[in-house]
2 protein chains.
Amino acid sequence: MADSTLKQIAKELSLSVSTVSRAINGKSVVNADTKKRVLELAEKYSYTPNEVARSLQKCSTETVAVVLPDISENFFGTIVKEIDSAVSKEGYMLLLADTHERADKENKYLDMLYKRQVDALVLATVDIDGASSARFRNGGKPVIFIDNVPKAENIDAITIDNKKASFMAVEYLKSQGHKNIATIIGSKEETTGAERLEGYRDALKKLCLSENEDLIAFGDYKRESGYIAMKKLLENRENAPFSAVFVTSEKMTYGALDAIKEASLSVPEDISLIGFDVHERYKGGHKIASIRQPEEEIGKLVGKQLLSKLKNQNADGEHILLEPLLYKGDTVKAV
Amino acid sequence: MADSTLKQIAKELSLSVSTVSRAINGKSVVNADTKKRVLELAEKYSYTPNEVARSLQKCSTETVAVVLPDISENFFGTIVKEIDSAVSKEGYMLLLADTHERADKENKYLDMLYKRQVDALVLATVDIDGASSARFRNGGKPVIFIDNVPKAENIDAITIDNKKASFMAVEYLKSQGHKNIATIIGSKEETTGAERLEGYRDALKKLCLSENEDLIAFGDYKRESGYIAMKKLLENRENAPFSAVFVTSEKMTYGALDAIKEASLSVPEDISLIGFDVHERYKGGHKIASIRQPEEEIGKLVGKQLLSKLKNQNADGEHILLEPLLYKGDTVKAV
DNA sequence: CCTTTCTTTGCAAACGTTTGCAATTCTTAT
DNA sequence: ATAAGAATTGCAAACGTTTGCAAAGAAAGG
């Protein structure tokens with residue numbers, strides 16, 4: 001009963017394996033009667049094709065790898081959900097890996113995934129030069145970057161316009177009368193962080209706001225680092241005063257808020273704050289102003305691009321830039 | 001360069017494929033010198049074993065399927081992260097599927113996963129009798145249920161004690177002086193919902209609180225359904241008054257809060273509320289009181305159990321019950 | 001020097017499919 | 001009745017591994 005194979009069915013019906021295979025797959029013509037007999041027996045034995053064997057033969061596993069720094073983040077969870085939704089319609093499944101934002105784990109996972117012959121890769125990398133994914137790209141496997149985009153030739157990526165995101169945040173704060181705006185950046189080593197920083201600087205210039213290197217603090221995207229960075233900014237506030245802060249990741253935003261609370265200050269009375277990727281679930285509660293990425297749209301687009309690339313290995317690399325969204329909450333006060 | 005095989009290496013060194021295989025795998029004894037030559041050439045060609053072929057031969061894919069209703073929920077995201085963390089240490093990877101809480105999708109995915117010969121399955125099912133997973137269990141593959149537990153023999157599951165969870169919520173509300181407590185249940189068809197309902201009823205009895213069927217509303221775990229259920233409760237409030245409500249899922253909690261806000265009522269002034277699986281990220285903000293599942297612990301335990309079951313197909317089914325957690329927020333007022 | 005034992009290697013089957021080609025049978029038209 | 005063509009089926013190789021068994025060779029013991 002359990003786990004019958006083509007061979008068993010063939011034997012029982014005195015047919016060859018190939019005929020049984022053809023009857024079941026229906027690509028090739030088979031006699032209507034034999035087809036019926038095969039199908040009936042397959043049904044009776046609840047035959048299940050072994051995809052592993054098929055993959056070996058076809059050189060395709062119908063599997064897409066998704067490698068992310070933190071699946072428990074809503075941002076990535078939503079993206080994964082949309083990708084799954086899109087590609088599963090065409091029979092693909094997702095192999096998922098959570099790198100905990102660590103390059104060594106990323107490499108280890110990409111290794112395992114390469115061995116497993118995945119057909120394509122979606123990657124939120126912590127690797128700047130794209131070395132970790134080079135094998136896939138050279139092997140002609142579609143690789144789509146979300147979040148960080150390595151500096152290499154012919155890269156496919158779908159991200160928001162990070163410079164614009166910073167600009168929108170700064171512009172909004174200025175429109176509310178803020179003149180001294182601090183920021184907490186995730187990492188200037190990675191493209192995402194670097195671009196947000198660049199966007200912040202450009203915005204200050206373009207909007208004629210005072211620039212001050214002491215108003216720029218760095219973290220590593222984790223909550224704790226947001227807390228530390230904010231604390232540092234606050235301790236130095238006499239030298240480098242500011243009325244608003246732009247925190248460039250969700251977890252760091254919560255960390256920054258922790259630090260503000262700990263310093264017995266309130267938002268937005270003492271400090272205005274705008275975060276990144278912060279979702280307000282409770283409509284009645286405290287709403288954190290935030291720049292947000294359209295994660296559903298990103299996920300859907302990634303899914304679509306994946307399918308298209310998997311069909312036709314065509315096309316040069318293309319970096320699709322999406323518009324960031326500005327959510328005005330109640331953590332920014334007009335001054 | 002790209003994608004060399006054992007055969008190629010064997011040919012170039014005038015060896016047999018088996019020797020090369022043995023040299024690389026190191027299980028069997030090979031002459032030290034030939035081993036060195038093989039390893040060098042493998043390095044040069046950056047040989048990568050084809051896991052698909054290996055899986056076919058070994059009848060094991062070193063892959064665990066994780067099937068969930070909604071990966072974008074923090075609860076499931078955290079669980080997946082922990083499972084990945086645990087099993088990847090032993091070389092396993094996760095195939096992920098998001099069922100959108102739909103039985104037909106669940107079936108489709110389980111089908112695909114079965115064909116792909118996954119070694120084990122972690123399942124948050126919407127299927128009550130366990131039929132969807134029967135193939136896996138009969139095939140001797142470890143299956144661990146989280147969330148809903150089907151009513152069948154010899155089931156492995158790791159969940160919180162749902163009846164106790166309800167009891168804790170009701171007890172807490174009573175301790176704050178509430179006498180008429182409404183509830184919104186996800187689904188009485190599934191074990192999780194049924195147990196939470198049962199726990200609610202038991203608690204009312206045991207704590208000598210008034211029971212009233214009109215104070216029980218049903219949803220389907222989605223936000224919208226929480227909104228509708230709460231609206232219904234509110235509309236009927238004259239007939240069936242209540243001062244507090246216990247909402248038994250995260251998304252329904254947000255929906256219920258939406259409805260309360262829409263009715264121009266406030267929490268906790270007009271209605272006290274305690275939710276389920278609600279996480280407060282912003283420590284300074286409005287904190288929603290909530291029963292919570294220790295999701296990290298669940299994930300870690302699932303990972304551990306998986307590895308143990310994958311090693312020794314021993315043991316009868318075992319339902320591990322964990323303690324729910326009570327987080328007192330500021331959405332419950334003493335009356 | 002012959003037998004025994006150990007080391008090293010290769011052969012070949014197996015895992016479960018797919019698929020090009022050839023062989024067989026059945027139609028059908030001349 | 002016979003040839004041509006179409007329909008159906010089977011053979012065998014291929015995908016890239018692993019592994020039991022046997023063969024060959026080397027070392028060692030008598």
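All of these numbers come straight from a predicted model, not from anything done at the bench.
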What verdict does the side-chain contact (heavy atoms from CB on, under 4.5 Å) test give for A/Lys81 and A/Ser85, after you've listed the backbone C-alpha separation in whole Å, the side-chain angles of each residue and the deciding distance to 0.1 Å? CA-CA 6 Å; A/Lys81 191 181 179 85; A/Ser85 198; 5.8 Å; no

Could you point out which residue of B/Thr61, B/Thr63, B/Leu307 forms a side-chain contact (heavy atoms from CB on, under 4.5 Å) with B/Tyr92? B/Leu307

Can you sort out the partners of A/Ser187 under side chain to side chain donor-acceptor pair (under 3.5 Å), two or more places apart, ordered by chain and number? none

Check every strand shown and say whether B/Val17 touches a base, only sugar-phosphate, or nothing at a heavy-atom separation below 4.0 Å. base

First locate atom CD1 of B/Ile155, then atom CD of B/Glu153, and finally report the distance between them rounded to the nearest 0.5 Å. 9.0 Å

Report the C-alpha separation of B/Ser60 and B/Asp119 in whole Å, then their side-chain angles, then the decisive distance to 0.1 Å, and conclude whether the side chain to side chain donor-acceptor pair (under 3.5 Å) test is met. CA-CA 6 Å; B/Ser60 152; B/Asp119 290 347; 3.1 Å; yes

Counting only heavy atoms and a strict 4.0 angstrom limit, can you tell me which residues of residues 53-63 of chain B come near DNA chain D? B/Ala53, B/Arg54, B/Gln57, B/Lys58

How is A/Thr5 classified with respect to the nucleic acid when contacts are heavy atoms under 4.0 Å: base, sugar-phosphate, or nothing? sugar-phosphate

If we count only N and O atoms by modelled type, under 3.5 Å, do the side chains of A/Tyr109 and A/Thr99 hold a donor and an acceptor together? no

One would report the end-axis bend of the helix from C/dC1-D/dG30 to C/dT30-D/dA1, five pairs per end and rounded to 10 degrees, as 60°

ring-ring contact (aromatic ring centres under 6.0 Å, His included) partners of A/Phe136, counting only residues at least two apart: A/Tyr114

Can a salt bridge be assigned to the pair A/Asp111 and A/Arg135 using a cut-off of 4.0 Å between side-chain N and carboxylate O? yes

Mind checking the CG-CZ spacing from B/Leu6 to B/Arg22? Nearest 0.5 Å is all I need. 11.5 Å

Can you give the first and last nucleotides of DNA chain C, 5' to 3', that have an atom under 4.0 Å from a heavy atom of chain B? C/dT8 to C/dG16

Nearest heavy atom decides the nucleotide; on that basis, is A/Lys7 or A/Asn25 closer to the 5' end of DNA chain C? A/Lys7

In whole angstroms, how far is the C1' atom of D/dG10 from the CZ atom of A/Arg22? 8 Å

Partners of B/Asp127 by salt bridge (charged side-chain N to carboxylate O under 4.0 Å, His left out), sequence neighbours excluded? none

